[in-house]
**Student:** 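My questions all concern the structure below.
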Amino acid sequence: MQIEPIGGAAEEEYSEVATPTELHTDDDVNIGSQDQIEDFIRCEQQAASEGNNADTDSKYTPQIGMEFQDRNDAHHFFSFYGFLAGFGVVTTHTVRTTSKKRNGEIVKVEMKCHRYGKEPKQQIKDLEQGVEEPTTEKGAKRKTNVQVRTDCPVVMVVKEIKGIWKVIRLDLDHNHELSPGNRDQLFGGRKYMTDAEKSMIRTLNDNNIPTRKMIAILSYLRGGLLALPYKNKDVSNFRTKINREITGNDMTKALEYFRNRKSEDPSFYYKFDVDDNMKVRNLFWREGSSLKYYAEYGDCVSFDTTYMTNKYNLPFAPFCGVTGHGHTCMFGCAFMSDEKIETFVWIFETFLESMGGKHPRSIITDQDKAMRAAIKQVMPDARHMNCFFHIKYKCYNKNGRCFAAKEGLQEEFEDRFIPVYFKDDFFPFLQSTSRSEGTNARVKENVGPTYSVISFLKEFQRLVDATNIKEDIADNQSREKRPKELMYGYNVEKQAIELYNRNIFQKFQYQLQQTERLKYKEIEEGKCFEVWPKNNQIYKPYRMRKYIVLTDLTKGKEEFSCICGKFNKDGILCSHILKIIVEEDISEIPEKYIINRWRKKDRKMNLPMPEIVPKTHEMLRYNILSRKAAMLTSKGSKMEETMEYLKEEFDRLDTMLDLLLSTTNTGGEVGSLSVQGSGTVGQGSLANLLELADLHDPDRVKQKGRPALPTRLKPLIEEIRRKMAKEEKKKQNKKKNAAGRGLRKKI
């Protein structure tokens, strides 16, 4: 036989539990009213407290020779006895059979009081002398709790004899005080989860439901928190056990996940960057739906790397955009091993490769020199802007006392610099990386820093699916619904309802509403106007300024531009231009000022598709060839001769394509592995390579990223002002105290 300490394979989890009033409810034990139940429990507790001298008629006091169906029943019985007596039960040793026929089954179990064993001598000496544990160079030692031990002799040993488990050794006399009725003593030594509850925890864990919410659900199903036979820590430990099931091959699991997604969606794209030892450094992927979004809305991209969301501490770097309904959409996502120039170059090049080589017009990021250098190298024609949050935060953080000391300087700074910085480039409803950071926040709700990458991939998939559903609902509402009545009854308002998506119309209507608060004056007939806010308003802007609107009101050639630059930035007309349109009796907004991006699906203009660069995605190539083939087959079907000719040409082309595919490594699936020093390995050779070596998980890395305390900026200045006021008050008090001491000396 083999003797094992508990904690390894010896420990098993029981599948059911009964409440104290459900145990041994035989006909000879008549338990009726609440008073009778309490009397019964008091009698059993009294018997339990007497240890070896207990009455042998007690139903819940263990006896030598007592029999059980299995070891779980024995443990359950002894745990309930411990609950009555006031101690916890710990399984200390198990013995397994050496018989090969029984496959190492457990045949003997030793259970003791939770205060078994002796205190370590050094620990006792330190406690008596009041010695504190020294800290190491790596930092403060983790504070942990240890069980107080008294070398309690209480023990119950059960052994399987001819299929029946019997008590063969027993000692019930404690050497310490007991705490009868303590619920933790009843369930502290065993996690009584049913198989159904374990399955539910797995399901909830797959959906990244936090432990506290799991406890709420499980306790509701059990009939209340008091009826739950385990604690938060037990559920948390079981979740850890589940998450460890994929530990050690996380990246291999990720690759398997990507391959499954690829089989479900041929337009799915993924790519790994590994070193010579097959350790993953960087990872990029995008959904098939992201290709559609980028083709239509990829002119503006938000990119952020400030959130660590997995156990490897890899920065999560989402590429986000703005859909035609103003929603956030995901173009792609990356995990990065570091934030160096070459890493950003790999990320950006892979992103463009996945999108058929199409470059964005503008990109907004956090402030990072390496990122800026990589964007300049990979996307030289893109307009790169820094996130205004980071600009303001660093400015206020470094010059906080200056802003706090000079009243109105902060308002002056934001009124001039920030609007000017963002007014001329297309960043629709954006001034920061909030789109990417909003995605970070969504992910952070459900994926913690100890989670595996595969857990994150599933959460990311849910985000993408939620966006697709949200877009479909918005498309349907824009098509099927409209406001019950117009706010003003202008023709341009009716035109906007018919053309704009519902969410964008609401933004347009807000600008139209603001025209009521404006006055205007014609400077040059039909060419130049001044627009400014009225003075008779409760809420006034920080500075009353006049906006210049330049126009050409020639019929059929209407042109409008405003110094505020809102149309250039957001793609909708500002209130200043709308004021001129309304007051000058213009009945229609020119088509060019209702951009295609914000139109309803059925009202989009048929613009020519942009020419695809040679290095295209498989699905894009398929779509282009499908259109060409459809045109040819349409022509070929006109006559018998053209049909026969086209069939012969198709056969010839088929033979040539087979020849080309057999001699050229096309890469097969859109999924690849970039190996340091080896270039990029296509999907065909990738499969062979991975058969020889598994991907290895990355190392942990340090974060640069966003400032550690992302507080609101205005309160930051107010806090500095409060500190300055306190310092000034201290100075005044010191002067008063000094003056008082001088006066007392004179007296």
**Student:** Please report, to 0.1 Å, the donor-acceptor pairs under 3.5 Å made by any side chain of residues 519-527, with sequence neighbours excluded.
**Tutor:**
unit_1 : atom_1 : unit_2 : atom_2 : d
Tyr520 : OH     : Glu584 : OE2    : 3.0
Glu522 : OE2    : Gly526 : N      : 2.8

**Student:** Hey, does Cys562 have a side-chain heavy atom less than 4.5 Å from the side chain of Ile577?
**Tutor:**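 A side-chain contact exists here, since the closest heavy-atom pair is under 4.5 Å.
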**Student:** Taking side chain to side chain donor-acceptor pair (under 3.5 Å) as the criterion, tell me which of Glu296, Lys470, Glu471 meets it with Thr323.
**Tutor:**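 The single option meeting the side chain to side chain donor-acceptor pair (under 3.5 Å) with Thr323 is Glu471.
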**Student:** May I ask you to say whether Glu559 pairs ionically with Lys592, meaning some side-chain N is under 4.0 Å from a carboxylate O?
**Tutor:** yes
**Student:** Sub-3.5 Å donor-acceptor pair from the side chain of Asp552 to the main-chain atoms of Thr554, do we have one?
**Tutor:** yes
**Student:** Assign the ring pair Phe344 / Phe348 to parallel, tilted or perpendicular, where the plane angle (0 to 90°) is split at 30° and 60°.
**Tutor:** parallel
**Student:** Using the ring of Tyr294 (Phe, Tyr or Trp, six-membered ring only), decide whether Lys358 places NZ or CZ under 6.0 Å from its centre and within 45 degrees of its axis.
**Tutor:**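 Verdict for Tyr294: a cation-pi partner in Lys358.
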**Student:** Might you confirm whether atom OH of Tyr510 has over 12 heavy atoms from other residues, nucleotides or ligands at distances under 6.0 Å?
**Tutor:** no
**Student:** Please confirm whether the backbone N or O of Ile504 pairs with a side-chain atom of Asn501, one donor and one acceptor, at under 3.5 Å?
**Tutor:** no
**Student:** Scan Arg261, Lys292, Arg462 and name whichever one has a salt bridge (charged side-chain N to carboxylate O under 4.0 Å, His left out) with Glu287.
**Tutor:** Arg261
**Student:** Verify whether one side chain among Thr467 and His327 offers a donor that lies under 3.5 Å from an acceptor in the other.
**Tutor:**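 No, His327 and Thr467 have no side-chain donor paired with an acceptor closer than 3.5 Å.
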**Student:** Report yes if the distance between the aromatic ring centroids of Phe284 and Trp346 is under 6.0 Å, otherwise no.
**Tutor:**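 Aromatic pair excluded; centres sit 6.0 Å or further apart.
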**Student:** Test your reading of the model: is there a side-chain donor-acceptor pair from Glu349 to the backbone of Val378, 3.5 Å cut-off?
**Tutor:** no
**Student:** Heavy atoms, side chains only, cut-off 4.5 Å: are Asp299 and Ser362 in contact?
**Tutor:**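 A side-chain contact under 4.5 Å is absent here.
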**Student:** Check this for me: does any side-chain nitrogen of one of Arg281 and Asp338 sit under 4.0 Å from a carboxylate oxygen of the other?
**Tutor:**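 No, no charged N to carboxylate O under 4.0 Å.
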**Student:** Would you say Lys534 has more than 12 foreign heavy atoms packed within less than 6.0 Å of its NZ?
**Tutor:**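 Yes, because the 6.0 Å sphere around NZ of Lys534 holds more than 12 heavy atoms from other groups.
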**Student:** Can a donor-acceptor pair be found between the side chains of Glu588 and Gln495 at a distance below 3.5 Å?
**Tutor:**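 No, no side-chain donor-acceptor pair sits under 3.5 Å.
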**Student:** Which class fits the ring pair Tyr593 and Phe560: parallel under 30°, tilted 30 to 60°, perpendicular over 60°?
**Tutor:** perpendicular
**Student:** Centre-to-centre under 6.0 Å for Phe319 and Phe351, is that the case here?
**Tutor:** yes
**Student:** Taking CG in Leu518 as the centre, count heavy atoms belonging to other residues, nucleotides or ligands within less than 6.0 Å. Is the count above 12?
**Tutor:**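 For Leu518, atom CG is crowded (more than 12 foreign heavy atoms under 6.0 Å).
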**Student:** So, are Lys731 and Glu727 salt-bridged, with charged N and O less than 4.0 Å apart?
**Tutor:** no
**Student:** Does CE in Met631 sit with more than 12 non-hydrogen atoms of other residues, nucleotides or ligands closer than 6.0 Å?
**Tutor:** no
**Student:** How are the rings of Trp285 and Phe460 set relative to one another: parallel (under 30°), tilted (30 to 60°) or perpendicular (over 60°)?
**Tutor:** perpendicular
**Student:** Could you work out, with side-chain hydrogen bond (donor to acceptor under 3.5 Å, both in side chains) as the rule, every residue matching Gln537, not counting sequence neighbours?
**Tutor:** Arg517
